[in-house]
Amino acid sequence: MTTAQPLDVQPTPLALLLLGREADPRSERGVECPGDLPAPSDPDLVERARAAKAKLGDKVFVLGHHYQRDEVIEFADVTGDSFKLAREAAARPDAEYIVFCGVHFMAESADILTHDGQQVVLPDLAAGCSMADMATAEQVAECWDVLTEAGIADVTVPVSYMNSSADIKAFTGKHGGTICTSSNAERALNWAFEQGEKVLFLPDQHLGRNTAVRDLGMSLEDCVLYNPHKPNGGLTAEELRGAKMILWRGHCSVHGRFSLDSVNDVRERIPGVNVLVHPECRHEVVSAADYVGSTEYIIKMLEAAPAGSKWAIGTELNLVRRLANRFASEGKEIVFLDRTVCFCSTMNRIDLPHLVWALESLADGKVVNRIEVDPEVASFSKLALERMLALP
C-alpha cells in the first residue's frame, strides 16, 4: 500500500484574484483596495458615516444599487438599478463627488454620463461583476473578425447589456449598436433588427435568448451561442450565417444558479405561490415562471400585489430579503426562489467600513478609488448609451 503524495498544484491567476492575493486593474474583480479601513466591529461606524456625509453636505451624492447591503442602503440618497443610478448621477451636476455603492461597470457608466468636474468614487475597487468579466475587448474584437470572415459583420448590429465594461460599450457604439437594460431589451432588439439582419448580444446569453424567444417570438433555433474560449466561437460560418441572434457565452452568477428544480420545489412547498424572476435567469426558469421582469418590475409587482399573496423571487438575496421585510406587515409572503441563499459576492463587498473610509477620505479632501474612463472609450460608450436613450 502506497501513501498518496501531495499534488504539486499551482494556483491559477483567477484563483489568486478570488483569494485577494493579486491585482488586475483591467478586471471587474480582484483589485486591491488601498487605505486603512475601520474595523467592522467599530461601534461608531454608523455615526462616523453620518458625520462624514453631513460634513460633505451637497458636495457628495451617494448612490445605492438595489443589491447592496442594508447598512449601505441606509446612507444612499437614491436607490435603483444600474442605469437609473447612472442617470441620477448625471442629473446632479452640482455634486462634486458621486459615491457609487454598486460595482465597477456601474461607476464607469456614471463617469461617462457625468461632467468633467464631477468625480466618481467606488468604495471598494474589488466590487466587480463576473458577467462583465466574461467579455473582454480583445475577445469581442476577435469575434467581430470571425463575423467578418463569415461575411455577416456588415449586417450584424451589436447590442450590449448595461452590465458590461466601458470597453464593450465603446465597441458597441463604434459599430453602430446600442446598450440595453433588462427593462428595455425588447425595444433595443426591435431597433437593432430595423438596422440590420442579425444581432450580436453581449455579454448575457440568458437575457438575449429570453428576450428574442419570449418577447420577439423567435425560436431557440434562431439563436447560436458564441464561446470566446473556442476557435471561431465554436461555430461554423454556416451556423453564424443561419442565426438571427448571436449570443455571447456569459451569464450572471446569481441568476444563473436558479433552476427548473427550484421552481418545481417552491411550488410544491408553497401552494399558490407566484414565481417572479429576473430575465437574466435561464430560459427554462423564465418559461416556468409566472412573471418575468427587471429589478424595478419586480419591486413594482410586489408593491401592487394583494395582501396575503405568496411570492418566490428569483433575484439577488439582499433585495429579496429587504422586500420580504418591507411587505411583511401587509401579509405578503416573499421567499427566495432557491433553498440555498446566494448574495452577489462582488456587489456585497461594499460594506459599511468601505463606505465610511471613502466618505471620511473625501471629507478630509482626499479623493480615493476614483473611477475614470479613457476619453475615447467614454466618447464611443456615450454614443451607444445615447442611442439607448433615443429608443422609441
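Given the structure is predicted, the values throughout are model-derived calculations rather than measurements. Along the sequence shown, residues are numbered consecutively beginning with 1.
- Side-chain contact check for L355 versus C101: some heavy-atom pair is nearer than 4.5 Å.
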Evaluate the side-chain contact (heavy atoms from CB on, under 4.5 Å) criterion for residues I152 and I246: first the C-alpha distance (whole Å), next the side-chain angles of each, then the deciding distance (0.1 Å), finally the verdict.
CA-CA 11 Å; I152 60 172; I246 302 167; 4.0 Å; yes
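- No side-chain heavy atom of D94 sits under 4.5 Å from any side-chain heavy atom of D58.
- Shown here for P353 and L37, the closest heavy-atom pair between the two residues is O-CD2, 4.1 Å.
- Checked for salt-bridge contact, R92 and E88 meet the test: a charged N lies under 4.0 Å from a carboxylate O.
- Here the two rings, on F201 and Y226, have centers that are 6.0 Å apart or farther.
- Taking the centre of each ring, Y291 and W311 come in below the 6.0 Å mark.
- The pair K53-D77 meets the salt-bridge criterion, with a side-chain N (NZ, NE, NH1 or NH2) lying under 4.0 Å from an Asp/Glu carboxylate O.
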Starting from the C-alpha separation in whole Å, work towards a yes-or-no answer on side-chain hydrogen bond (donor to acceptor under 3.5 Å, both in side chains) for D81 and T295.
CA-CA 7 Å; D81 60 15; T295 303; 6.0 Å; no
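- The residues R321 and E316 are annotated as not salt-bridged, no charged nitrogen and carboxylate oxygen being separated by less than 4.0 angstrom.
- Considering only heavy atoms from C-beta on, S219 stays 4.5 Å or farther from V213 through its side chain.
- The same ILVMFWY cluster, assembled from side-chain heavy atoms under 4.5 Å apart, contains both I334 and Y297.
- When side chains are defined from C-beta on, F105 does not count as touching S164, because their heavy atoms never get closer than 4.5 Å.
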N163 vs E280, test: side-chain contact (heavy atoms from CB on, under 4.5 Å). Steps then yes/no.
CA-CA 11 Å; N163 299 31; E280 288 178 20; 3.7 Å; yes
Decide side-chain hydrogen bond (donor to acceptor under 3.5 Å, both in side chains) for T315 and Y67; before the verdict, give the C-alpha distance in whole Å, the side-chain angles of both, and the deciding distance to 0.1 Å.
CA-CA 9 Å; T315 194; Y67 297 167; 2.9 Å; yes
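- Side-chain contact between I98 and Q119 is absent, with no heavy atoms from C-beta onward closer than 4.5 Å.
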Go through the steps for S294 and S183 under the test side-chain hydrogen bond (donor to acceptor under 3.5 Å, both in side chains), then give the verdict.
CA-CA 5 Å; S294 66; S183 59; 4.7 Å; no
Stepwise salt bridge (charged side-chain N to carboxylate O under 4.0 Å, His left out) test for E238 and R241:
CA-CA 5 Å; E238 290 73 21; R241 287 193 283 264; 3.4 Å; yes
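- Here the side chains of V199 and T156 are not in contact, with every heavy-atom distance at 4.5 Å or above.
- Applying the 6.0 Å contact sphere to NZ of K310 captures more than 12 heavy atoms from other residues, nucleotides or ligands.
- Y97 does not carry K59 over the face of its six-membered ring by the limits of under 6.0 Å from the centre and within 45° of the normal.
- Atom CG of D154 sits in a crowded spot, with more than 12 heavy atoms from other residues, nucleotides or ligands closer than 6.0 Å.
- You'll find the side chain of K244 stays beyond 4.5 Å of the side chain of E197, heavy atoms only.
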Let me see the working for N184 and T181 under side-chain hydrogen bond (donor to acceptor under 3.5 Å, both in side chains), right down to the final yes or no.
CA-CA 5 Å; N184 70 6; T181 68; 3.2 Å; yes
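- Side chains of H255 and D204 form no contact here, defined as non-hydrogen atoms less than 4.5 Å apart.
- Within 6.0 Å of atom CD in E142, 12 or fewer heavy atoms from other residues, nucleotides or ligands are found, so the atom counts as exposed in its surroundings.
- Of the candidates F380, W144, W248, W144 is the only one forming a ring-ring contact (aromatic ring centres under 6.0 Å, His included) with F171.
- Taking the charged nitrogens against the carboxylate oxygens, D261 and R339 have no contact shorter than 4.0 Å, which rules out a salt bridge.
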When you look at E296 and K84, which way does the side-chain contact (heavy atoms from CB on, under 4.5 Å) test go after all the steps?
CA-CA 10 Å; E296 295 289 342; K84 175 186 175 182; 3.7 Å; yes
